[in-house]
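Scope of the values below: all heavy atoms of this structure, side chains included, with no hydrogens, waters or symmetry mates.
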Amino acid sequence: MQQVKQTAEYTVFQKKSGRYAVQANAKGKKWLNGEDKVRILVDEQLVKVMTPKAPPAEAPAEEAPAAS
């Protein structure tokens, strides 16, 4: 793994596959996962968060004229 950035709180590594790993610099040096990891990578502008697109709204069904 290649070290990309180091701060007082964490170190960001890039794996050979191109994915990122984040390790806390606090006692124990635990690997961060989930929302903590995503927040750090977004703050460092290494990844972008994609939001799902809203499904297209369905057009209202046209009413058939009433037959008399």
Between the CD atom in Q3 and the CE atom in M1, the distance rounded to the nearest 0.5 Å is 10.5 Å
Distance col, row N25:CG vs T7:OG1, nearest 0.5 angstrom, shows 6.0 Å
Are the side chains of V38 and V47 in contact, using a 4.5 Å heavy-atom criterion? no
Rounded to the nearest 0.5 angstrom, the CD-CG distance for E9 and L32 is 10.0 Å
Handout entry: Side-chain heavy atoms of W31 within contact of V22, under 4.5 Å
Key = no
### Query
Do Y20 and E44 have side-chain atoms, one donor and one acceptor, less than 3.5 Å apart?
no
**OP:** Report yes if the side chains of Q23 and F13 come closer than 4.5 Å at any heavy-atom pair, otherwise no.
**Re:** yes
- prompt: Do R19 and Q14 touch side chain to side chain, with heavy atoms closer than 4.5 Å?
  reply: no
Rounding to 0.5 Å, atoms CD (Q6) and OG1 (T11) come to a distance of 4.0 Å
